[in-house]
Every structure is written in C-alpha cells, then in structure tokens.
Amino acid sequence: MNFPGCAFRASVVAALAAAALSLAGCRTVNDVIVDYRANISAGRYAEAAVEPSELAAEGGGDALMWRLMAASAHDLAGETDAAIAEFDLAEDRMIENDHTSVFSQTADAAYAMMLNDKYFPYDGGGQDRIFTCIYKAVGYGAKNDFAAARTELNRAAQHQENWLWERRKNLAAAEERLDKESAQYARDKGEGQNVDVGQGKVAVQNAMKDGSFRTTVKEAFGFDIFTSGVLDQLKPADYQNPYVAHVCGVFRWLSGDDGRGFLKDAAALRPANGFARGDLEACDAGVKPQDWVWVYVEDGLCPEREQWRIDLPLLLIPYAGRYVKYAGLCLPRLLVRPYAAAAWSIGGVPMEVIADVDALTKIEYDVYMRGAIAREITRTVIDVGLQVAIGVTAEHTRDDNTRIALIASQYAVAAYSALRRGADTRCWPTLPKRVFLARMQRPADGIVSINADGIDVVHLELKPGNSMVFVRKPAATAAASVKVVTWP
C-alpha cells in the first residue's frame, strides 16, 4: 500500500542515518571550530590553518568561513603571501554574495528557509568584508606594495559605506523567501490539509508585543525586541569602524594624499581617543609627520556564537490547545571572550581604544536577530500547524489505514523539524575584541617596546621614517603577531 508521506518519511530516515554517522565519529563544523580556536589561543597559528584550508578547498556553503579562518591563521603565523591568497579566494565568494543575497541563493537542503539559516551559504558581510581588506592592505604594506595597499584601504572604506545597504538587502531577501517557501512547505507537507501560513505572521506580531516574551529574549540574548537592530535607528557611530577610518586617514596622510576626511571620521566615531583627535588637529595644521610611529594593537577575540533554545509561550501560538504540548525556538547567542591584556602601553604611554569590535559585532548580531527571531517563530508555528491539522484529520477519519498514514506523517513532520532545526552559529572567530591606538616619535635608536599588563610583549627596531605597526594578540596565552609598514 502506498501511504501518503512515504517519500517524506524516507528523507527522515536518511537524516537519522546521517546523524548516526556523525555520532559515530565524523567531525562536525563545531568540532573543527573548537580545535581551531584552541590552536589560535595557544599561538599554534600554522597548525590552525591546516584543517580550514582543506575544508575550504572542498567548497560548499561554509567555504567562505573556512577561507577566512585559514587566512587569519596564516596571517598570524607571519605567512603573508599565503594569507593574502586565502583572503583573495574568500573575496571571490563575497563578490558572489554581493550580486545576490545568500537568502536568494540555492541552499543545500529543500525547504532550507523552513529548517534553519545555516543551510544557506555563509554571508561574510559587514565587518568580515572590512577586516578582509584591512588585513590585505597591511600585508601589502609590509611587502612595500603601497599601491595594492591603497586599493585595499579604498575598498575597506567602500564596504563601510555599503554596510546599511547590505543589511537591508539581506533582510528583504530573507523575508521574501520565507513568505514563498513557507507556503510551498505547508502545501507539500500538509497531506492535503489546509494550513494557514498567515498564522506565522500573526504569531510573530503577537510575540513582538508580548512583554514576557520580550523579557525572556532580552535575558537570554541581550536583544531588545523593540530597540535592538532597528536599522532606521542606527547612527554611523553604531556600525562604522573607527579603526578602518584612522588607518585609511594615516596611510593617505603619509602618502601625501588627502587623508583628512578619514581622520575626521575616526575622531568623530571615537571622540574619547586623544591620539585620533591629535592626528586630525596636526593634519589641519599642515604638519608633515617625520619619524612618527603609529601603533595599533588588535587585542583578544570577538564574541563567538553558541546555540540556545528558549520556549515560545503557547498563548502566542494560534493552534494552542491539547494538540500542542511544547514549541521551542533555536537561536544563536553571543558568548563574549576575554581580553588578551587589560591595558597596553608603548614607552610608558598608555594606549587608547580606537575600536570596540565587540560592540560592532553585537550590532551586526542584533540586525541578524531581528530577522532570525521572526523566521524561527514562523517555522515553529507552521510546523505545529501542520502537525495539528494532520492530527485533527486523523482523529476524525474512520479508515484505519488512512489514520495510520496520517499519524505517521504527523510524526514525520515533527521528526524532520527536530532533526534539522538549529541555530546558525557560524562566524569568523579570529576578528579582534578591540583595537588600541597610540602615536609616538620614533626614538633615536629606533627601539620600540610594546607593553601588555606591565610586560613587554613586542620589542622592535624601526627603520628611519614614518611607520605604522600592527600587532595582533588573540589571547593572553598566544604570542603576538607583528607587521610593520614603513615609509622611506
């Protein structure tokens, strides 16, 4: 007998088989990321690059993330050419995402939007785009290729200008696909039952108005449904990176170009930083730097994402009653990581924070969550609606075979949802936590020591001329990585 839903139940069996293989010892994405972070935190940079490079070469939706991770590890290891090559390959994927949102692209699974966001290609937008260009620029500068460095800095600045447009593009594309795919999913998996997909939007609206749900989300994710991630309410200081602006400004200033606009932006975005203000004032006064040294320290690592489940109150679900016992949401939350050092100084002069990358990351997370919560509620409500509709029909049918088939389909929908549901925890985990800045006159002997929490961690002998020194220290237990760009 050909029961309704047989093909669907076969897909569930296949998913269970895949899960069993995973449990038997296959390494998951999370396994690789955990080992990568451990290697980076221990300063085993070259080792950290190996597995992400291999996975990136295999392609797939996560290839961009693996490229960025491999590039960072090569860069920290001082393997500049390898790092630039990986960053270039990463940007090839980013350019594809520029043409169309990842949410508009073909995903790795049918009904991807009804499962979870990690079935779509990794986006690599926002700070990923900006820092990719910064790291390439520094690498080229350290190789004395100033023309290539300038090009990358121009591109970093352009990506910063495009930030709002990119976020709007992704939000709109995700909403459009959710509308289309939820309706198709309900038709295909509903066993002929009429499920009103509009109830998903009703549930989202109800949830966004519900005070207890708002409190639960804020406590779990630090996300305020009313205020967090609302693009129209953001100011440039909320999402623009003053580190990028300052590096662009200093580079142009030292190259004899007009860097004032960038220096002005950096000072405006980070008004508490005295070095940024001082650079703007010196530029306005027509000063030509001679033997000046700018030091940037990228300290710590940005927040990572972890999967977290919360309950969706049953009173918000249109199908609540005896047919619905539990409905949960699976979303990512940020896990803040520690400083590499609490304080930095050069020559006894305290360095000052020029960029809080944690805060920039949180803004991007908030914008993502504004769409993700709506998507997850819609998925849950439609899955529940399918189960309820099939269950009600099964209860009222007199034919045993039909009832058995309907009940099987009901459980298949639940199993399919449970097996595939999850939070998208992908991120580029080697971006810094914060960036420090200081400027000093080059000492007569050229010796510069950079101090972290009272201990000299970098000791350099700089050549005559203006210099920009870039230090990365991802963890207290990791060695500092240094690149120097010097103008002859």
Side-chain angles (χ1 to χ4, degrees), residues 29-56 62-80 82-91 93-94 122-139 152 156 159 241 243-244 247 296-306 332 334-341 355-362 364-365 425-436 470-483:
V29 169
N30 191 59
D31 291 334
V32 178
I33 292 175
V34 167
D35 287 349
Y36 175 84
R37 287 168 177 158
N39 283 327
I40 291 293
S41 294
R44 297 188 294 267
Y45 302 135
E47 184 177 344
V50 175
E51 194 167 14
S53 295
E54 294 171 350
L55 291 170
D62 296 334
L64 171 53
M65 179 183 68
W66 299 132
R67 291 288 182 202
L68 293 173
M69 289 167 60
S72 283
H74 284 307
D75 200 42
L76 286 163
E79 300 164 352
T80 302
I84 290 174
E86 286 284 10
F87 279 130
D88 280 340
L89 291 170
E91 283 200 294
R93 299 298 292 262
M94 290 175 176
Y122 181 72
D123 180 33
Q127 296 305 316
D128 286 13
R129 296 296 310 259
I130 293 166
F131 270 96
T132 291
C133 292
I134 282 290
Y135 289 147
K136 287 175 68 178
V138 173
E152 294 300 333
H159 290 316
N241 190 331
Y243 173 41
V244 174
V247 170
Y296 302 90
V297 173
E298 296 186 18
D299 173 271
L301 294 169
C302 68
E304 58 189 359
R305 294 187 179 192
E306 63 177 355
L334 293 183
L335 184 62
V336 177
R337 291 188 279 178
Y339 302 127
D356 182 346
V357 184
D358 273 8
L360 295 169
T361 302
K362 178 63 166 61
E364 294 192 352
Y365 167 82
T425 58
R426 296 172 298 176
C427 66
W428 183 6
T430 25
L431 291 182
K433 182 179 184 67
R434 55 187 180 167
V435 184
F436 287 83
F470 297 87
V471 178
R472 297 177 67 188
K473 196 172 193 310
T477 50
S481 175
V482 184
K483 284 187 172 62

| note | When every non-hydrogen atom of Ala71 is compared with those of Ala83, the smallest separation belongs to O-CB, 3.6 Å

| request: Check salt bridge (charged side-chain N to carboxylate O under 4.0 Å, His left out) between Arg129 and all other residues, then give those that pass, not counting sequence neighbours. | output: Asp98

| message | The criterion is side chain to side chain donor-acceptor pair (under 3.5 Å); which residues satisfy it with Asp299, sequence neighbours excluded? | response | Trp344, Arg434

| message | If you compare all heavy atoms of Pro432 against all heavy atoms of Glu298, which two are closest, and at what distance to 0.1 Å? | response | CG-OE1, 3.5 Å

| task | Taking all heavy atoms of Glu364 and all of Gly126, pick out the closest pair and write down the distance. | result | OE2-CA, 3.2 Å

| message | For a quick check under 3.5 Å, do Thr430 and Tyr36 share a side-chain donor-acceptor pair by atom type? | response | yes

| Thr361 and Cys302: which non-hydrogen atoms are nearest, and at how many Å? | OG1-CB, 4.1 Å

| For Ala478, does its backbone N or O pair with a side-chain atom of Lys473 as donor and acceptor, under 3.5 Å? | yes

| task | Could you tell me which residues satisfy side chain to side chain donor-acceptor pair (under 3.5 Å) with Asp123, sequence neighbours excluded, listed by chain and number? | result | Asn170

| For Glu51, what residues pass the salt bridge (charged side-chain N to carboxylate O under 4.0 Å, His left out) criterion, not counting sequence neighbours? | Arg27

| task | To the nearest 0.5 Å, tell me how far Asn30 CG sits from Arg305 CZ. | result | 14.0 Å

| message | Do Asp75 and Glu86 have side chains that approach each other closer than 4.5 Å (heavy atoms only, starting at C-beta)? | response | no

| Any Pro429 side-chain heavy atom under 4.5 Å of Met69 side chain | yes

| Sequence-distant partners of Glu306, salt bridge (charged side-chain N to carboxylate O under 4.0 Å, His left out), two or more places apart | Arg333

| request: Report the residues that fulfil side chain to side chain contact (heavy atoms under 4.5 Å, CB included) with Glu304, sequence neighbours left out, ordered by chain and then residue number. | output: Arg37, Leu335, Arg337

| request: Applying ring-ring contact (aromatic ring centres under 6.0 Å, His included), name anything that partners Tyr296, two or more places apart in sequence or on another chain. | output: Tyr243, His246, Phe470

| query | What pairs with Asp356 under side chain to side chain donor-acceptor pair (under 3.5 Å), at least two apart in sequence or on another chain? | reply | none

| message | If you compare all heavy atoms of Pro474 against all heavy atoms of Ala340, which two are closest, and at what distance to 0.1 Å? | response | C-CB, 4.3 Å

| request: Check whether any side-chain heavy atom of Tyr122 sits under 4.5 Å from a side-chain heavy atom of Arg93, and report yes or no. | output: no

| side chain to side chain contact (heavy atoms under 4.5 Å, CB included) against Val29, all qualifying residues, sequence neighbours excluded | Ile33, Asp62, Met65, Trp66

| What residues, two or more places apart in sequence or in another chain, satisfy side chain to side chain contact (heavy atoms under 4.5 Å, CB included) together with Ile84? | Thr80, Asp88, Tyr140, Lys143

| said: Nearest 0.5 angstrom please: Ile40 CD1 to Thr477 OG1, how far? | reply: 11.0 Å

| remark: Here the side-chain hydrogen bond (donor to acceptor under 3.5 Å, both in side chains) pairs for residues 41-50, sequence neighbours left out, are Asn39-Arg44

| From Leu360 CG over to Leu431 CG, what is the distance, rounded to the nearest 0.5 angstrom? | 10.0 Å

| Residues in side chain to side chain contact (heavy atoms under 4.5 Å, CB included) contact with Thr132, at least two apart in sequence or another chain | Leu68, Phe87, Glu91, Met94, Lys136, Trp428

| What pair of heavy atoms forms the shortest contact from Ser53 to Ala49, and how long is it? | OG-O, 2.8 Å

| said: As an exercise, state the distance from CG of Asp358 to CG of Leu301, rounded to the nearest 0.5 Å. | reply: 9.5 Å

